[in-house]
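Since the structure comes first, as structure tokens, the remarks are kept for the end.
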Amino acid sequence: MYIPVEGALLVDACLSLSKQWHRKQRTYGSFFAPAENPNSVNFVNYVKSPDILRRRMTHAPPHTEKPSSFTPFPRLPLPRIDFVSYHQPMQKEIDIVVSPEEAAGQELYRKIAAKHLRINVAEITATRIIRRSLDARGRNIKVNLKLQVVYGEQTPAETPIACFTPRNVATQAPVIIVGAGPAGLFAALRLIELNLKPIIIERGKDVSARKRDIAAINKDHIVDPDSNYCFGEGGAGTFSDGKLYTRSKKRGDNQRILELFHLHGASAEILYEAHPHIGSDHLPSIIMEIRKTILNCGGEVHFNTRVTDILTNDSTATGVLTSNNETIHGIAVILATGHSARDIYHLLNKKNILLEAKAFAMGVRIEHQQSLINSIQYHDDAQMKYLPAAAYNLVEQVSNRGVYSFCMCPGGFIVPASTGPNEIVVNGMSTSNRSTPFANSGMVVEIRIEDLASYAEYGPLAGLIYQQTFEQTAFNSTGKNNQTAPAQRMLDFINNKSSQDLPASSYIPGITESPMHVWIPGHIRKRLQNGLKLFGTKVKRFLTNEAIIVGVESRTSSPVRIPRSKETLQHVQIKNLYPCGEGAGYAGGIVSSAVDGMKCAELVAQSRLAVS
């Protein structure tokens, strides 16, 4: 008796029916037997009546009477089939939940994938992680994996990600970009694709020279106002951890930004991690590769060059004047200076180019032992050795203002982020492996425009002056006249008590005891103290006098917005001037700034086409 077999689907159907017949005790004997005809597959089944199979396949009710005779199916000729497995060669995307140990080894999660697909693990020829996220909300910590699984065929060749189309733009219309941070660099990449020539003007140094100036801050307490943790090639993000996670879902293609970073040397992990992170040890080389791409395509990058004026004609931006007394003209100016370029805000205000005060946040940076944060977040799970350094995200409303953690850096450092003399500013960073024994995070309080009443005389720069005053107060509080930062034990700060000594810290220039509860402005201090108490009720063991607060965290975002049209992204008064990224008040972090830069580039090109 023979049944025609056309591919795996019919065999699957027959297998399913065979199992049903066995359960009902209607079948006996073997399932497969050697085929007599080489052009057909021999299917032997000792079914008492073929009507049972026919009726089952047409969903008709089976016979209630026991058949009394055997009738074979007719033999149907088929093309030759090399029948090895009933699974078709294919690729599938699957979602599985695994333990941290299983997620750490490809062979382990492949076994789970094979079980999920009901195939033999030996049939899997390749797996690719599409998405990976950690779920540590309960005591049973799990890792969520979305996998692409290839089985039943040879390992496919990797297809390069086509995320950038290079062009030679050396002779094309120039567009001036002020600032070589993520907004400026990614605007330049997009302009090249759109056949426009980017000319980047950067006040700071290239990333290699910038490293030496950063070392001078840490070792000698010397702050170069143009080359530091905030200014220079790559912007503030280059030496501030390299987080690529953004909550924004409205600013274009975040994935493309990740792909461009990967194209220029970032690990493939950033393409699938739920909270991607490059690390400040790897970002400098990636930034240099982006610069090489821009130069190889005919763009220009000018370091050690400040913009001292924005040139306009009939309320239209036409170029810039630089600190080298050079005039550079372009069809548009993309202003991507970052949130610390105070001279640009003063320049625009002096030229009566419209600015707006905006809400921002200031506070302190808090530092725990990373082992404590791991223990809290991972519930002392035995699989902690398979898990990354733990992070946290805390937020509360206190007296109608947000109090929240900011830029949490597991296994990281606190770094000096001042951009001038007589000020103390701290920030956080982590290397790619997040391996230091410290965990630090900004802990800040929302500041609204109505909180700046005593600075109203400064108009749209009120928040900027308040921010600067806060940083100078921190500098003066230490009496050291250098980059030594004021610090206090956490519980001492909450209880308005001076600390007699301090535990070890990751802050290289050094910390000193300071009664921060005395000199931090009352509306910030009280909300911070109450916020920390609330965090302590949520997260057991978070409140400890072995943790310290270090001052001050004041550069969370720009206190000034440069207003622009929602449709054209041009300044509301000055045509062809494109306020962009964090410094303009339209982004917060590397990815959102990069996306904003690319969007500005696209609208520059669109505007040029409309004019032509």
Side-chain angles (χ1 to χ4, degrees), residues 167 169-181 183-204 294-295 297-338 341-356 460 560-581 583-586 596-612:
R167 294 175 182 270
V169 296
T171 60
Q172 300 303 315
V175 176
I176 299 166
I177 301 171
V178 185
L185 291 174
F186 281 79
L189 292 175
R190 189 69 181 119
L191 286 170
I192 289 168
E193 291 187 308
L194 297 168
N195 208 31
L196 294 171
K197 178 181 179 177
I199 301 177
I200 298 177
I201 312 295
E202 170 55 49
R203 67 190 297 163
I294 294 168
L295 294 177
C297 291
E300 297 180 16
V301 181
H302 301 262
F303 293 116
N304 302 301
T305 306
R306 278 191 187 221
V307 167
T308 57
D309 197 6
I310 296 174
L311 306 178
T312 60
N313 181 26
D314 194 22
S315 296
T316 301
T318 59
V320 297
L321 181 65
T322 75
S323 54
N324 303 326
N325 289 321
E326 182 182 5
T327 298
I328 303 175
H329 290 284
I331 63 168
V333 176
I334 296 177
L335 201 57
T337 53
R342 289 170 174 162
D343 57 324
I344 292 295
Y345 300 130
H346 284 287
L347 170 66
L348 296 177
N349 194 49
K350 184 179 178 180
K351 292 175 69 69
N352 292 318
I353 294 176
L354 186 65
L355 300 174
E356 297 174 349
V560 179
R561 178 179 288 111
I562 307 174
R564 69 187 187 185
S565 163
K566 290 183 179 180
E567 290 74 29
T568 66
L569 302 190
Q570 297 177 45
H571 189 274
V572 293
Q573 289 177 326
I574 309 297
K575 294 179 181 178
N576 294 343
L577 177 63
Y578 293 79
C580 182
Y586 296 100
D596 199 51
M598 296 187 83
K599 186 63 177 176
C600 285
E602 289 167 2
L603 287 179
V604 168
Q606 189 178 108
S607 175
R608 176 171 169 76
L609 285 175
V611 170
S612 61

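All heavy atoms count here, side chains included; hydrogens, waters and symmetry mates do not.
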* Of the non-hydrogen atoms in G581 and A183, which two are nearest, and what is the gap between them? -> CA-CB, 4.1 Å

* To do: For E300, check side-chain hydrogen bond (donor to acceptor under 3.5 Å, both in side chains) against everything at least two apart and list the hits.
  => K197, H302

* Structure fact -> Here the gap from L185 atom CG to R190 atom CZ, rounded to the nearest 0.5 Å, amounts to 16.0 Å

* To do: Using a 4.5 Å cut-off on heavy atoms from C-beta on, say whether the side chain of T568 contacts that of S607.
  => no

* **Interatomic spacing from CG in L603 to CG in L569 - rounded to 0.5 Å** => 4.5 Å

* To do: Side-chain contact test, heavy atoms from C-beta onward, threshold under 4.5 Å: evaluate it for I331 versus L196 and give yes or no.
  => yes

* Asked: Taking atom CG of L348 and atom CD1 of I562, what is their separation to the nearest 0.5 Å?
  -> 5.0 Å

* Set of residues satisfying side chain to side chain contact (heavy atoms under 4.5 Å, CB included) with respect to P174, sequence neighbours excluded -> I199

* **Heavy-atom closest contact (K351 atom, D309 atom, distance)** => NZ-OD1, 3.1 Å

* Asked: Do V333 and N576 have side chains that get closer than 4.5 Å, going by heavy atoms?
  -> no

* Minimal non-hydrogen separation, A336 against G184, with atom names -> CB-N, 3.8 Å

* To do: Assess whether side chain to side chain contact (heavy atoms under 4.5 Å, CB included) is satisfied between N313 and L311, documenting all intermediate values.
  => CA-CA 7 Å; N313 181 26; L311 306 178; over 6 Å; no

* **Closest contact, heavy atoms only, I192 versus R167** => O-CD, 3.2 Å

* Structure fact -> Of all heavy-atom pairs linking A187 and I334, the shortest is CB-CD1, 4.1 Å

* Tell me, do D596 and F186 make a side-chain contact under 4.5 Å, heavy atoms counted? -> no

* Asked: Within the distance-only criterion (no hydrogens, no angle test), does the side chain of Y586 pair as donor or acceptor with the backbone N or O of R564 below 3.5 angstrom?
  -> yes

* Chi angles and distances behind the side chain to side chain contact (heavy atoms under 4.5 Å, CB included) call for L191, I177 -> CA-CA 10 Å; L191 286 170; I177 301 171; 3.8 Å; yes

* To do: Working to the nearest 0.5 Å, report the span between CD1 of I574 and OG1 of T312.
  => 5.5 Å

* To do: Compare every heavy atom of I176 with every heavy atom of G319, then report the nearest pair and how far apart it is.
  => CA-CD1, 3.6 Å

* Mind running side chain to side chain contact (heavy atoms under 4.5 Å, CB included) on L194 and V604 for me, showing each step along the way? => CA-CA 10 Å; L194 297 168; V604 168; over 6 Å; no

* To do: Please list, chain by chain and in numerical order, all residues satisfying side-chain hydrogen bond (donor to acceptor under 3.5 Å, both in side chains) with Q570, sequence neighbours excluded.
  => Y578

* Asked: Mind checking what makes side-chain hydrogen bond (donor to acceptor under 3.5 Å, both in side chains) contact with R561, not counting sequence neighbours?
  -> none

* With sequence neighbours excluded, give me every side-chain hydrogen bond (donor to acceptor under 3.5 Å, both in side chains) pair touching residues 315-332. => T305-N324

* To do: Quick one: list whatever passes side chain to side chain contact (heavy atoms under 4.5 Å, CB included) with L354, sequence neighbours left out.
  => P563, H571, V572, Q573

* Atom pair CZ (R306) and CG (L321), whose distance is rounded to the nearest 0.5 Å -> 13.5 Å

* V169 vs N195, side chain to side chain contact (heavy atoms under 4.5 Å, CB included): CA-CA, chis, key distance, verdict -> CA-CA 6 Å; V169 296; N195 208 31; 3.9 Å; yes

* Asked: What's the spacing between K599 NZ and Q606 CD if we round to 0.5 Å?
  -> 7.0 Å

